[in-house]
Amino acid sequence: MKLASWNVNSLKVRLEQVLQWLDVHRPDVLGLQETKLIDEKFPTDPFAELGYHPVFAGQPTYNGVALIASSEPTETVTEIPGFADEQRRVIAGTVNGVRVINLYVVNGKAVGTDKYAYKLDWFAAVTAWVEDELRRHDRLVVMGDFNIAPDDRDVHDPEAWREKILCSTPERSALRKMMDLGLVDTFRLFDQEEGIFSWWDYRAAAFRRGLGLRIDLVLASKALADSCTKAWVDAEPRRNERPSDHAPAVAEFDLD
DNA sequence: ATGGTCGATAGTCGA
């Protein structure tokens, strides 16, 4: 089973790139973030033509998430239980016996702002939800654009980013608290080269200069992590014309 | 160099 997460920064602009990537890599589930599409405008047909079943939760202009799955997801959820939120940032579904939660975590703008407080509140609510889901699902994946670099290895210049947004101690502690429920960063199950990132700012030629962060994650429950055979970031789409600023994060599992 | 570039949208906001 192969699962991937990709912040596409507008599915309208990136549709052909997403379809091509799906066709080449054929994941069982692709979680998308920042679709920026209302549900009425979601391009269901081109995914269906590739044999995929999309489910989605969108809003005008901002945010928006989707699961593109090889079979129809069941028990779909698009709200954080007990947390009222206008913003469409979560979608969960069960595919082939694996519970998948796809997140577009709040960016937070800057440490100390209202958006930062919202990020931490939002993440705490998601963590409570994940705790509940873990009770019911042995096989659980939580993936998405976390907008948190787990540690300094995931940052091109840790000193420059020290206590900045995406890297601050409260953000990292919140992520740690979620992972301590029983989730593993699949990427770190394997030896990895240094300087592998999943997001590069559009500005200042950050991609060309290797100035990135790894903020797109595929977390797996212990039972699933034991069967993880590979985890990687596919930087190739970042080289496309009109690329997303994010690259897909991928994890593969050998399930019976 | 305290900026830069995108996307959605129609002057700015969010990232």
Side-chain angles (χ1 to χ4, degrees), chain A residues 5-21 30-43 46 56-66 80 85-91 102-123 126 143-150 154-168 170-172 174-175 197-217 233-249:
Chain A
S5 170
W6 194 4
N7 180 323
V8 292
N9 185 21
S10 168
L11 184 56
K12 182 181 175 185
V13 171
R14 237 64 70 186
L15 180 60
E16 289 307 317
Q17 294 181 47
V18 173
L19 294 171
Q20 195 204 348
W21 194 89
L30 173 62
L32 300 178
Q33 306 89 34
E34 284 205 270
T35 56
K36 298 186 176 179
L37 285 175
I38 58 172
D39 292 348
E40 291 72 21
K41 291 192 175 174
F42 196 95
F56 39 83
Q59 68 181 81
T61 312
Y62 302 119
N63 307 312
V65 287
I80 305 165
D85 192 5
E86 298 290 309
Q87 303 191 13
R88 303 296 80 181
R89 295 178 173 277
V90 306
I91 188 163
N102 178 41
L103 304 177
Y104 174 44
V105 175
V106 177
N107 174 284
K109 191 176 173 72
V111 174
T113 61
D114 289 350
K115 289 188 170 71
Y116 182 75
Y118 167 56
K119 180 179 197 172
L120 295 176
D121 286 348
W122 185 95
F123 201 86
V126 170
M143 66 178 176
D145 174 2
F146 278 72
N147 271 318
I148 301 171
D154 303 307
V155 182
H156 69 90
D157 185 346
E159 293 314 318
W161 282 85
R162 186 74 60 210
E163 298 303 333
K164 297 291 197 300
I165 195 67
L166 314 181
C167 299
S168 73
E171 292 168 87
R172 286 177 169 174
L175 175 60
F197 308 120
S198 67
W199 169 79
W200 301 261
D201 200 306
Y202 282 123
R203 294 166 289 188
F207 181 64
R208 183 178 57 74
R209 298 161 64 200
L211 310 181
L213 274 65
R214 193 177 66 92
I215 57 178
D216 299 271
L217 311 176
V233 176
D234 184 10
E236 204 52 44
R238 190 64 175 79
R239 297 181 230 282
N240 290 345
E241 262 186 67
R242 290 193 86 185
S244 168
D245 46 352
H246 293 253

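- Taking atom P in both B/dT2 and B/dC13, one finds a spacing of 23 Å when rounded to whole Å.
- A/R14 comes within 4.0 angstrom of the backbone, heavy atoms only, and of no base.
- Using a 4.0 Å heavy-atom cutoff across all strands shown, A/R89 reaches sugar-phosphate atoms only and no base atom.
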Side-chain donor-acceptor contacts of residues 36-43 of chain A below 3.5 Å, not counting sequence neighbours, with atom names and distances?
unit_1, atom_1, unit_2, atom_2, d
A/K36, NZ, A/N9, OD1, 2.9
A/D39, OD1, A/G58, N, 2.8

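- In this structure, A/L211 places its CG atom 14 Å from P of B/dA1, rounding to the nearest Å.
- Distance A/K36 NZ to B/dG14 P: 12 Å, rounded to the nearest Å.
- Side chain of A/R14 to main chain of A/R242: a donor-acceptor pair is present (N/O by atom type, distance under 3.5 Å, no hydrogens or angles).
- To the nearest angstrom, P of B/dG14 lies 11 Å from CG of A/N63.
- Within 4.0 Å of A/K115, counting heavy atoms only, lie sugar-phosphate atoms of the nucleic acid but no base atom.
- Within the nucleic acid shown, A/Y104 comes within 4.0 Å of sugar-phosphate atoms alone, with no base atom in reach, counting heavy atoms only.
- One can place CD of A/Q33 at 18 Å from C1' of B/dC6, the figure rounded to the nearest angstrom.
- DNA chain B is contacted by both A/T61 and A/N7; A/T61 maps to the nucleotide lying nearer its 5′ end (nearest heavy atom per residue).
- At the phosphate of B/dA15, neither OP1 nor OP2 sits under 4.0 Å from any side-chain N or O atom of A/R203.
- The distance between atom CZ of A/R208 and atom C1' of B/dG4, rounded to the nearest whole Å, is 13 Å.
- Residue whose closest nucleotide on DNA chain B sits further toward the 5' end, between A/N147 and A/Y202: A/Y202.
- Spacing between B/dA1 and B/dT12 at atom C1', rounded to whole Å, works out to 25 Å.
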Open item on the list: Apply side-chain contact (heavy atoms from CB on, under 4.5 Å) to residues A/L166 and A/N107 and explain how you reach the verdict.
Closed with: CA-CA 7 Å; A/L166 314 181; A/N107 174 284; 4.2 Å; yes
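- For the pair A/E34 CD and B/dC6 P, the interatomic distance rounds to 15 Å; values are reported in whole Å.
- For the P atoms, the distance from B/dG3 to B/dG7 is 23 Å, rounded to whole Å.
- Rounded to whole Å, the distance from CG on A/N9 to C1' on B/dT5 is 11 Å.
- Listed by chain and residue number, nothing satisfies the salt bridge (charged side-chain N to carboxylate O under 4.0 Å, His left out) test with A/D145 (two or more places apart in sequence, or in another chain).
- Side chain to side chain, A/R89 and A/N63 meet the donor-acceptor criterion of an N or O pair below 3.5 Å.
- Atom pair A/F207:CZ and B/dC6:C1' shows a separation of 16 Å (rounding to whole Å applied).
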